[in-house]
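First comes the structure, then the notes that go with it.
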Amino acid sequence: MTAETPAPPARTEDRRHLRGAERRREILATAVDAFAESGFRGSTLRDIAQRIGISEAGLLHHFRSKADLLTATLVERDRRDEERRRLSEAEGAPFLDTVRDQVARNAATPELVGLHVVVSAEATDLSHPAHDIFRDRYRRLRHQDTENFRAEVAASRLRPDVDPERIGQLVSAVMDGLQLQWLLDPDDVDMVDLFEHFLQILGAPPRESAGDVAPPSPPPQET
């Protein structure tokens with residue numbers, strides 16, 4: 001190719017791929033909001049598609065079903081949470097405060113918490129479409145904070161008998177259990193306060209940072 005020869009245009013399939021990836025991200029962002037506002041049963045693919053300005057068939061081009069979209073939404077929720085935590089840690093927030101903030105954010109999004117509780121229970125079935133996603137999620141969560149917990153113990157911010165290799169699994173279990181109890185009986189279960197009590201049992205000091213999470217809101221009641 002000489003200097004006078006114009007560069008070839010971008011391949012059509014490359015442009016389509018980029019547009020498709022952008023559309024998929026837009027659908028996921030909209031679905032997170034829709035499911036948070038109206039829950040799984042209260043949201044429809046048509047409503048989500050209309051929010052974006054595409055047809056329901058166009059949405060189904062990217063996600064095969066409402067269940068497929070739900071699964072992707074929960075994965076996106078985890079991605080957002082991890083990103084928020086990375087940003088908080090980069091700004092100097094103490095590790096235990098980022099964990100506290102996660103619980104507070106959960107308390108402010110009852111619909112998404114409810115979706116997580118229901119789908120994670122359903123996903124214990126080997127044939128469930130989200131089974132591998134939830135299995136891999138918990139495998140990752142078990143030890144993602146081992147080094148952080150080890151540092152907290154070494155700095156005497158947790159009791160010396162706390163096992164850094166195992167406490168991450170227990171923290172996840174407490175979070176999940178509190179979420180279930182809170183959804184079932186919100187008037188008698190203060191998820192944020194009980195999780196703080198759990199941290200105190202582990203020897204954690206009071207929170208150090210102010211945090212920027214939204215105030216908790218009660219889960220919707222059955223009619």
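- The side-chain heavy atoms of Val103 and Glu196, taken from C-beta on, include no pair separated by under 4.5 Å.
- No donor-acceptor pair under 3.5 Å is formed between the side chain of Asp97 and the backbone N or O of Ala93.
- Contact record, Thr71 with Ile133: CG2-CD1, 2.9 Å, taken as the closest heavy-atom pair.
- Considering CZ of Phe95 and CZ of Arg100, their distance stands at 10.5 Å, rounded to 0.5 Å.
- Smallest separation of non-hydrogen atoms from Val153 and Pro164: CG2-CG, 4.4 Å.
- Under the 4.5 Å side-chain heavy-atom criterion for grouping Ile, Leu, Val, Met, Phe, Trp and Tyr, Phe40 is not connected to Val118 through any hydrophobic cluster.
- Of all heavy-atom pairs spanning Arg24 and Ala72, the tightest one is NH2-CB, 4.5 Å.
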Exercise for review: In sequence, state the C-alpha distance, the side-chain angles, and the governing distance for Glu22 and Arg19, and then conclude on salt bridge (charged side-chain N to carboxylate O under 4.0 Å, His left out).
Suggested key: CA-CA 5 Å; Glu22 291 172 358; Arg19 287 198 299 269; over 6 Å; no
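- Val113 and Val119 fall into different hydrophobic clusters, where Ile, Leu, Val, Met, Phe, Trp and Tyr are joined by side-chain heavy atoms under 4.5 Å apart, directly or via other members.
- Each of Leu59, Leu74, Leu60 was compared with Leu69 under the side chain to side chain contact (heavy atoms under 4.5 Å, CB included) criterion, and only Leu59 meets it.
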Practice item. Start with the C-alpha distance between Arg51 and Asp47, add both sets of side-chain angles, then the distance that settles salt bridge (charged side-chain N to carboxylate O under 4.0 Å, His left out), and finish with yes or no. Key: CA-CA 6 Å; Arg51 291 189 187 206; Asp47 172 59; 3.4 Å; yes
Check your understanding: Do Glu56 and Thr44 pass the side-chain contact (heavy atoms from CB on, under 4.5 Å) test, and can you show the C-alpha distance, the side-chain angles, and the key distance before you say yes or no?
Key -> CA-CA 9 Å; Glu56 185 174 344; Thr44 67; over 6 Å; no
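- Under the 4.5 Å side-chain heavy-atom criterion for Ile, Leu, Val, Met, Phe, Trp and Tyr, Val162 and Leu141 are members of distinct hydrophobic clusters.
- In terms of heavy-atom proximity, Arg142 sits nearest to Thr146 at O-OG1, 4.5 Å.
- Minimum interatomic distance between Gln181 and Val189 (heavy atoms only, all atoms of both residues): O-CG2, 3.7 Å.
- Separating the CD atom in Glu111 from the CG atom in Leu115 is a distance of 7.0 Å, to the nearest 0.5 Å.
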Exercise for review: Just do the salt bridge (charged side-chain N to carboxylate O under 4.0 Å, His left out) check on Arg86 and Glu89 with the steps written out, would you?
Suggested key: CA-CA 5 Å; Arg86 282 195 298 269; Glu89 290 175 349; over 6 Å; no
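- Heavy atoms of other residues, nucleotides or ligands lying less than 6.0 angstrom from CZ of Arg46 number 12 at most.
- Rounding to the nearest 0.5 angstrom, the gap separating the CD1 atom in Ile54 from the NE2 atom in His62 is 6.0 Å.
- Both Val117 and Val192 belong to a common hydrophobic cluster when Ile, Leu, Val, Met, Phe, Trp and Tyr are linked at side-chain heavy-atom distances under 4.5 angstrom.
- Here CG of Leu126 is found 9.0 Å from CG of Asp132. Values are rounded to the nearest 0.5 Å.
- To the nearest 0.5 Å, atoms CE (Met191) and CG (Leu180) are separated by 11.0 Å.
- Salt bridge status for Arg85 with Glu82: absent, with no side-chain N to carboxylate O gap under 4.0 Å.
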Check your understanding: Step by step, would you call Glu83 with Arg79 a salt bridge (charged side-chain N to carboxylate O under 4.0 Å, His left out)?
Key -> CA-CA 6 Å; Glu83 179 65 18; Arg79 188 199 66 77; 5.2 Å; no
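- With rounding to the nearest 0.5 angstrom, the CG atom of Asp33 is 9.0 Å from the CG atom of Leu112.
- Ring centroids of His116 and Phe35 are separated by 6.0 Å or more, keeping the two rings apart.
- A pairwise comparison of heavy atoms in Ala34 and Ser43 identifies O-OG, 3.1 Å as the closest pair.
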Exercise for review: Begin with the C-alpha distance, continue with both residues' side-chain angles, and end with the deciding distance and a verdict on side-chain contact (heavy atoms from CB on, under 4.5 Å) for Leu28 and Val75.
Suggested key: CA-CA 10 Å; Leu28 277 176; Val75 172; over 6 Å; no
Practice item. Apply side-chain contact (heavy atoms from CB on, under 4.5 Å) to the pair Arg84 and Asp101, showing each step before the final yes or no. Key: CA-CA 10 Å; Arg84 288 191 189 101; Asp101 290 345; over 6 Å; no
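- A continuous path of ILVMFWY side-chain contacts below 4.5 Å connects Phe149 to Leu202, so both sit in one hydrophobic cluster.
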Side chains of residues 165-179: which donor-acceptor partners sit under 3.5 Å, not counting sequence neighbours?
| from | atom 1 | to | atom 2 | distance (Å) |
| --- | --- | --- | --- | --- |
| Glu165 | OE2 | Arg150 | NH2 | 2.8 |
| Ser172 | OG | Gly168 | O | 3.3 |
| Asp176 | OD2 | Tyr138 | OH | 2.4 |
| Gln179 | OE1 | Asn106 | ND2 | 3.0 |

